[in-house]
Amino acid sequence: MPLTQDAALDLLFPAEVIPQHVKDEMPAELHIRPLASTDYERGHLAVLSVLTQTPDVGAAAWAAQFDAMRAAPATYYILVVVSRDTDRIVGAGGVFVERKFLRGLGRVGHIEDIAVAREMQGKKLGLRIIQALTGISETAGCYKTILNCSDSNIPFYEKCGFEKRENEMAKYATERARTPRL
């Protein structure tokens with residue numbers, strides 16, 4: 001199935017927000033765009049599964065999450081890389097904008113969930129996704145853009161212009177505590 005054009009899709013945010021220079025540097029057979037409401041069918045979760053366990057939550061739950069993200073405008077910017085030949089997602093990543101009280105009501109961009117299908121790795125798609133998300137973060141007025149990564153991925157992110165700073169701490173919730181109650 002050939003690529004579905006952006007104008008025919010219900011996108012999470014306007015496609016014009018993605019920096020043009022990143023679009024111009026994409027391989028000819030690939031297209032970068034915002035996440036669409038129909039991307040469950042294009043394999044969004046399958047691409048994310050290269051990162052961690054990604055159970056199939058079903059189309060309705062996926063769509064509800066998409067709608068919840070869209071209900072917080074100027075906050076969630078998830079983009080995908082799509083094959084022009086198959087209309088399937090081969091890469092994804094997101095940045096969300098945190099509004100702060102410090103630094104004069106500053107904003108921080110948090111990059112999350114950078115994923116490239118195994119068969120597409122080594123084609124600079126991760127770099128292009130990071131460039132797009134960093135550009136979006138800066139356009140949104142973020143004074144910094146941050147991400148967490150494993151030690152093995154530090155060299156990649158350094159090539160993308162990031163530098164190692166501070167330390168990450170994490171406390172994972174128990175299975176029971178992960179059930180939303182608010």
Does the side chain of Asn148 come under 3.5 Å of the side chain of His110 through a donor N or O and an acceptor N or O? no
If every non-hydrogen atom of Ser83 is compared with every non-hydrogen atom of Leu3, which pair is closest and at what distance? O-CD1, 4.2 Å
So which atom in Ile32 and which in Ala132 form the shortest heavy-atom distance, rounded to 0.1 Å? CD1-CB, 4.1 Å
Are Phe96 and Leu11 connected in a single hydrophobic cluster, I mean Ile/Leu/Val/Met/Phe/Trp/Tyr linked by side-chain heavy atoms less than 4.5 Å apart? no
Is it true that, when you exclude Asp151 itself, more than 12 heavy atoms of the residues, nucleotides or ligands shown sit nearer than 6.0 Å to its CG? no
When clusters are formed by joining ILVMFWY residues with side-chain heavy atoms under 4.5 Å apart, either directly or through shared neighbours, do Met69 and Ile129 land in the same one? yes
List the steps, then state whether side-chain contact (heavy atoms from CB on, under 4.5 Å) holds for Leu48 with Asp113. CA-CA 7 Å; Leu48 293 177; Asp113 304 335; 4.2 Å; yes
Donor-acceptor pair, Thr75 side chain versus Ala72 backbone, under 3.5 Å? yes
Working to the nearest 0.5 angstrom, can you tell me the gap between Tyr157 OH and Leu127 CG? 11.0 Å
Got a salt bridge between Asp39 and Arg33, using NZ or NE/NH1/NH2 to carboxylate O under 4.0 Å? yes
Rounded to the nearest 0.5 Å, what separates atom NZ in Lys123 from atom CE in Met26? 11.0 Å
Could you tell me if Tyr40 and Asp56 have a donor-acceptor pair between their side chains, going purely by distance under 3.5 Å? yes
Could you tell me the separation between the CD1 atom of Ile136 and the CG atom of Leu133, rounded to the nearest 0.5 Å? 5.5 Å
Tell me if the NZ atom of Lys23 is crowded by more than 12 foreign heavy atoms within 6.0 Å. yes
Would a distance-only check, ignoring hydrogens and angles, find a side-chain to backbone donor-acceptor pair under 3.5 Å from Arg42 to Thr86? no
With side-chain contact (heavy atoms from CB on, under 4.5 Å) as the test, would you mind laying out the steps for Val116 and Val50 before giving the verdict? CA-CA 7 Å; Val116 175; Val50 302; over 6 Å; no
Should the pair Glu25-Arg128 be classified as a salt bridge under the 4.0 Å nitrogen-to-oxygen rule? yes
Going by heavy atoms in the side chains, are Val57 and Leu45 under 4.5 Å from each other? yes
Which is it for Leu105 and Lys100 under the side-chain contact (heavy atoms from CB on, under 4.5 Å) test, yes or no, and what are the steps along the way? CA-CA 5 Å; Leu105 304 179; Lys100 315 274 285 178; over 6 Å; no
Does the plane of the ring in Trp62 sit parallel, tilted or perpendicular to the ring in His44? Use 30° and 60° as the thresholds. perpendicular
Looking at side-chain heavy atoms only, is the closest gap between Tyr77 and Leu35 below 4.5 Å? no
Residues which pass side chain to side chain contact (heavy atoms under 4.5 Å, CB included) with Ala63, listed by chain and number, not counting sequence neighbours: none
Hey, mind stepping through Val95 and Ser137 against side-chain contact (heavy atoms from CB on, under 4.5 Å) and telling me if it holds? CA-CA 7 Å; Val95 63; Ser137 178; 4.2 Å; yes
